[in-house]
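Below, read A as the first sequence line, B as the second, and so on, with proteins coming before strands; counting in each chain starts at 1.
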There are 2 protein chains.
Amino acid sequence: MPEPMYWRIAQDLRQAIESGRLRPGEQLPTELDLRTEYAASRNTIRDAIKWLASRALVETRPGQGTFVVDRLDIFVTTLSADTETGLGGGEGIAALAEVKANGREPSSATPRVEIQPAAGNNAEWLDVETGTLILSRHQPRYIDGKPWSLQTSFYPMDLVSKGAQRLLVAEDIPEGTVNYLHDILGMEQIGYSDNILVRPPNEDEAKFFKLPDDGRISVVVINRTAYSGVPEAPEPFRVTVSVFPADRNQFVMNSGFVPNKLTKPVMVSAAEKSG
Amino acid sequence: MPEPMYWRIAQDLRQAIESGRLRPGEQLPTELDLRTEYAASRNTIRDAIKWLASRALVETRPGQGTFVVDRLDIFVTTLSADTETGLGGGEGIAALAEVKANGREPSSATPRVEIQPAAGNNAEWLDVETGTLILSRHQPRYIDGKPWSLQTSFYPMDLVSKGAQRLLVAEDIPEGTVNYLHDILGMEQIGYSDNILVRPPNEDEAKFFKLPDDGRISVVVINRTAYSGVPEAPEPFRVTVSVFPADRNQFVMNSGFVPNKLTKPVMVSAAEKSG
DNA sequence: GCAAATTTGTTCGTATGTATT
DNA sequence: CAATACATACGAACAAATTTG
């Protein structure tokens, strides 16, 4: 008996799920049933279920039972710039257009606007001294009414003093801030740099995205620094931090010439081989 | 008593970690010590520790104890094409150069070459019928001797019959296959499309990357389809699947004009706010 | 190299609480 | 309200891994 019992039970159930014997959405036998089926104690059964739950293969619902996870509706965001509009992927109109092109309905909540001292990453990316006041606009975004991403943009205050007053207003800027800043200040976004990382969600994020509060589903964080000015000396004028739940989002980056087709999500089978 | 005891204990320990009272690498009190400290049973203490472990705040080592996780050495991979070589980010020489530019030593194991029927994603991306034989080259890659990524490339067999014999040989192609195919067949890589997703590791991956076998650390999968031919009708000639552990890798994508500086990893503080 | 001590891992049993139907 | 199902919490024993003497 090299492997612990809870592990062998978990493998058996996993096999049942991956083979399709237990279908997505289907309920597993109750802990008590499994207890007799495998001749193990309830705690051991629970350990096996935890093994499956931590891998997002099943989910438990108090008072109801344990269920095979339903495959989520994956959404794909294009991060590279739109070849036609030149707009950055995932930004303003480009993002909305992509959502709509997939036959889904985007919406966003009223932004929360704050003025705060720059700190850490933001100060560095915006190339300002720590403590310099900057403007932040925080906005939850939805697809088909379901939480999709949490987005916070940071701007130097001098954009406001130069005339971009609408940045201060807690109202959506439907045409996108890139377009707005271009119209009002003549600023051109000449490029941007995305940093992509994965980490466990914090409490706010878990709550907003309705992620299980055990941290097993990570979030993908995209830190975008946008530049204006001249190509020889790009100057940062905006930092946008977007947070997406990792279990229902994929990202696409195109470079050079690629076929112009709608990007479908990649099917990820649990049995996938890489070794 | 609204919150369960294990949760309150976990929060207390989390606070100790985030405040710096417990430093990275430091050992937590043993389960027995915590048992008396919090006047709880050992199982309850273990539930609290599991809460922390599932969020990658601590790690347990059998026979030793529980330790605050040491911050990992984050490596940043640039996915966008090198503006000078035009080579795809993360590919062959470009990848090696990036690693070396960071003062680190890249290496890779001997590739495993196989001929197999195309299936699923690969068949679709390479635009061949399911079951068509394709060539796969699988290669583990290391940085400073530590496992960094698992990479598998798929090629249509006709590249071999047209003369790219070295693809069949289980030997590294140091100049990169893009350069090799260009030299031997005159093929030009005119673009590529990356699909990025996050999922739990499979068993092979967990073993290779030495990830905890409870699935709490995900892997980032980058599916790159590379195209050749003419811009009006790009044709796929290679699919590369790269798998990276999510806890020590970040990715950068540049678009347009951005400052030409070495990309540093983003510091991700556990106390990060987004809401 | 071995034995003892320490520490976490696994497994059982039991009781009570909370959410849902 | 009652039944069902998962969640939390206690206690206990032995196994396995590691360090220490």
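- In this structure, A/T44 does not reach the C/dT10 phosphate: none of its side-chain N or O atoms is under 4.0 Å from OP1 or OP2.
- Checking C/dC12, C/dA19, D/dT8 against every side-chain atom of B/P4, the shortest atom distance belongs to D/dT8.
- Side-chain atoms of B/R61 and base atoms of C/dG9 include no donor and acceptor less than 3.5 Å apart.
- As rounded to whole Å, 13 Å separates atom P of D/dA5 from atom CZ of A/R35.
- The cationic atom of B/R104 (NZ for Lys, CZ for Arg) does not lie both less than 6.0 Å from the six-membered ring centre of B/F75 and within 45° of the ring axis.
- Judged purely by distance below 3.5 Å, without hydrogens or angles, the side chains of A/D12 and A/Y38 pair a donor atom with an acceptor atom.
- Of the listed nucleotides (C/dC12, C/dT8, C/dT10), C/dT10 has the atom at the smallest distance from the side chain of A/Y6.
- In terms of phosphate contacts, A/T30 brings no side-chain nitrogen or oxygen within less than 4.0 Å of OP1 or OP2 of D/dT4.
- Protein atom OH of B/Y38 is 17 Å distant from nucleotide atom C1' of D/dA9, rounded to whole Å.
- Taking the side chain of A/Q64 as heavy atoms from C-beta on, and the options C/dT20, C/dT11, D/dC10, the nearest nucleotide is C/dT20.
- Atom CD in B/E31 sits roughly 6 Å away from atom P in C/dG9 (whole-Å rounding).
- Side-chain atoms of B/N43 lie closest to D/dA12 of the nucleotides C/dT8, D/dA12, C/dT14.
- For the pair A/T66 and D/dC6, the criterion of a side-chain N or O lying under 4.0 Å from OP1 or OP2 is met.
- Computed from coordinates, the A/I45 CD1 to C/dT10 P distance equals 15 Å when rounded to whole Å.
- A donor and an acceptor atom, one from each side chain of A/R14 and A/Q11, are located under 3.5 Å apart.
- In this structure, A/D47 places its CG atom 15 Å from P of D/dC6, rounding to the nearest Å.
- Comparing A/R42 and B/L28 by the nucleotide of DNA chain C whose heavy atom lies nearest to each, the residue mapping closer to the 5' end is B/L28.
- Counting only heavy atoms from C-beta on, B/P62 has its side chain closest to C/dG9 among C/dC12, D/dC10, C/dG9.
- Listed candidates were C/dA15, D/dA9, D/dA13. Nearest to the side chain of B/S41 is D/dA9.
- Between the side chain of B/R46 and the base of D/dA9, no donor-acceptor pair under 3.5 Å is found.
- Taking the six-membered ring for Trp, A/F251 and A/F244 have ring centres closer than 6.0 Å.
- If you take CE of A/M5 and P of C/dG9, they are 18 Å apart, rounded to a whole angstrom.
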| said: Working note: A/R55 + A/K50, criterion side-chain contact (heavy atoms from CB on, under 4.5 Å); need CA distance, chi angles, decisive distance, verdict. | reply: CA-CA 9 Å; A/R55 285 161 180 73; A/K50 266 181 208 155; over 6 Å; no

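- Rounded to an integer number of Å, the gap from CZ of B/F67 to C1' of C/dT8 is 11 Å.
- What separates CG of A/L34 from C1' of D/dC6 is a distance of 13 Å, to the nearest Å.
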